[in-house]
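Positions are given from 1 along the sequence.
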Amino acid sequence: MAEEVVDFEVARRKMKKWRDEGYRNSDEIVDLGECLIYEYANKLGDELWVLYEQVCIAAYDCSRIDLAVNCLRALDKQFPSGNRVLRLRAMRKEALKQFADAEKIYKIMLEDDPANLHVRKRLITIQKSQNRIEAAIQSLNEYLKEFMGDQEAWMELCELYIHQQEYAKAAFCMEELILSHPHNHLYHQRYAEIHYTMGMPDSLEKAKKYFAQALKLDPNNVRALYGLYLAATNSVTSKTASSMKKKNINMSQWTVQQVMDLFDMNVSENQKQTLTDMFDNMQLSLPSTVPE
């Protein structure tokens, strides 16, 4: 019995941690949460209702509609017509691809609480699910006028602009994130990737600069190293001065060496040889026209 109680406490703490930190590891939440609900409901007290909500949302993600319906029934009985229950009902409609019905419920909720962030985001999710990308972009722009500090919304807007190949607007979204969070290496890396995709000489220079900044913030960022390598090698073929070509070749060779140094510690001998061969094939020779 003591062992059973310990298992219960460990599971309970895990679920609380995932809740508090916003984890979306839905499969694990369903597995652990279903056990807690059906085996230990009498031990959970008022925490049971929060757990029902957590498991219900995860069940939608995993297409466990049966489990979600059971959770929803229990919550509806305890909190009839509550806003949180209404949101879960709307999410069920989404899971069943009944988007028009879900949208109606969300709009009713917004009439009562226009500042409800979760509901506004769910409406944007519906627009994306229906491939109404322009509408989703417009909704996100309106949302960000009121909630400029929402990092997740800026990232979402950036990805939608990339989907539409509007790279300058995507870059603007990342600039907003970099201004507010200058020490986040992933933001610098994403900004560099967008400029690399744009491919113009000025954009390649920005790509190199921000890949380098991402590396300064996180020296083990292999993706940024490889991005810097690609930006440097592509800059070699652009119309730049000989000194810049030599600098770009040196930079590309430096990034290869950095990647090799990192992987020396983390991969098998066979993997190291494969990586060595790959980069050997990608090496650039210094043109004879470039002075030493």
Side-chain angles (χ1 to χ4, degrees), residues 15 18-30 33-34 37 46-164 166 169-170 173:
M15 293 294 286
W18 293 336
R19 245 187 347 262
D20 293 344
E21 298 183 9
Y23 279 66
R24 198 67 181 257
N25 49 331
S26 301
D27 288 327
E28 293 172 284
I29 289 172
V30 164
E34 189 173 19
I37 286 170
D46 289 339
E47 189 180 349
L48 174 64
W49 311 113
V50 183
L51 197 66
Y52 268 128
E53 183 177 3
Q54 184 182 9
V55 173
C56 185
I57 293 169
Y60 289 140
D61 288 344
C62 299
S63 298
R64 284 288 310 277
I65 304 301
D66 58 323
L67 177 60
V69 167
N70 288 340
C71 294
L72 192 53
R73 282 175 181 161
L75 287 165
D76 200 23
K77 186 176 179 181
Q78 183 71 13
F79 310 102
S81 302
N83 271 348
R84 292 171 82 164
V85 175
L86 275 178
R87 180 166 71 95
L88 293 174
R89 281 182 187 166
M91 290 177 72
R92 178 172 178 267
K93 297 291 186 183
E94 285 185 66
L96 297 171
K97 300 191 183 303
Q98 298 171 359
F99 297 119
D101 292 338
E103 211 164 352
K104 285 178 187 176
I105 296 172
Y106 287 136
K107 286 179 177 177
I108 289 170
M109 292 177 68
L110 277 181
E111 288 175 6
D112 293 335
D113 182 11
N116 191 317
L117 305 188
H118 293 296
V119 170
R120 293 181 68 167
K121 287 184 175 182
R122 294 313 308 172
L123 283 168
I124 294 167
T125 300
I126 288 175
Q127 291 169 336
K128 283 181 57 187
S129 299
Q130 296 177 303
N131 205 31
R132 293 157 52 197
I133 304 300
E134 291 296 337
I137 286 172
Q138 183 179 344
S139 297
L140 271 170
N141 274 302
E142 290 170 0
Y143 172 86
L144 284 165
K145 286 177 185 176
E146 298 178 54
F147 306 100
M148 290 189 67
D150 191 327
Q151 299 174 57
E152 185 183 61
W154 279 113
M155 280 299 298
E156 186 64 39
L157 183 57
C158 174
E159 296 306 317
L160 290 178
Y161 278 135
I162 290 172
H163 180 274
Q164 298 297 88
E166 297 186 67
K169 291 180 179 178
C173 295

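Remark: Glu53 does not engage Arg19 in a salt bridge, criterion side-chain N to carboxylate O under 4.0 Å.
Within 6.0 Å of CG on Asp66 lie more than 12 heavy atoms contributed by other residues, nucleotides or ligands. Atom CD of Glu152 is surrounded by 12 or fewer heavy atoms from other residues, nucleotides or ligands within 6.0 Å. At most 12 heavy atoms of other shown residues, nucleotides or ligands fall within 6.0 angstrom of atom CZ in Arg84.
To the nearest 0.5 Å, atom CD of residue Gln98 and atom CG of residue Asp101 are 5.5 Å apart. Within the model, atoms OG of Ser139 and NZ of Lys121 stand 13.5 Å from one another, a figure rounded to the nearest 0.5 Å. Here CD1 of Ile162 is found 10.0 Å from CG of Leu157. Values are rounded to the nearest 0.5 Å. Here the CH2 atom belonging to Trp49 is positioned 4.0 Å from the CD atom belonging to Gln78, to the nearest 0.5 angstrom. In this structure, CD1 in Ile105 is found 11.5 Å from CG in Asn83, a value given to the nearest 0.5 Å. Between the CZ atom in Arg120 and the CE atom in Met109 there is a gap of 13.5 Å [rounded to 0.5 Å].
For the residue pair Asp150 and Leu144, the shortest heavy atom distance occurs at O-CD2, 4.1 Å. When all heavy atoms are compared, the tightest approach of Leu88 to Tyr60 is O-OH, 2.8 Å. Of all heavy-atom pairs spanning Gly33 and Leu51, the tightest one is O-CD2, 4.5 Å. Counting all heavy atoms, side chain and backbone alike, Leu72 lies closest to Arg89 at CD2-CG, 4.0 Å. Closest of all the heavy-atom pairs between Ala102 and Ala90 is CB-O, 3.4 Å. Counting all heavy atoms, side chain and backbone alike, Cys71 lies closest to Cys56 at CB-CB, 3.8 Å.
Here side chain to side chain donor-acceptor pair (under 3.5 Å) pairs that include residues 102-112, with residues two or more places apart or in two chains, are Glu94-Tyr106.
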Apply the test side chain to side chain contact (heavy atoms under 4.5 Å, CB included) to residues Asp61 and Ile29: give CA-CA distance (whole Å), side-chain angles for both, the deciding distance (0.1 Å), then the verdict.
-> CA-CA 10 Å; Asp61 288 344; Ile29 289 172; over 6 Å; no
Should Val119 and Asp113 be marked as a side chain to side chain contact (heavy atoms under 4.5 Å, CB included) after you check the CA-CA gap, both sets of side-chain angles, and the distance that decides it?
-> CA-CA 9 Å; Val119 170; Asp113 182 11; over 6 Å; no
Could you go through the side chain to side chain contact (heavy atoms under 4.5 Å, CB included) check for Tyr161 and His163 one step at a time?
-> CA-CA 5 Å; Tyr161 278 135; His163 180 274; over 6 Å; no
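Looking at Gln164, its side chain never comes within 3.5 Å of a backbone N or O of Ile133 through a donor-acceptor pair. Judged by distance alone, with hydrogens and angles left aside, the side-chain atoms of Trp154 form a donor-acceptor pair with the main-chain N or O of Met148 at under 3.5 Å.
For Lys128, the side-chain contact (heavy atoms from CB on, under 4.5 Å) partners at least two apart in sequence or on another chain are Ala136, Glu156, Leu160. In this structure Val69 satisfies the side-chain contact (heavy atoms from CB on, under 4.5 Å) test together with Ile65, Arg73, Arg92, sequence neighbours excluded.
Between Tyr23 and Trp18, the angle of the ring planes lies from 30° to 60°, which puts this pair in the tilted group.
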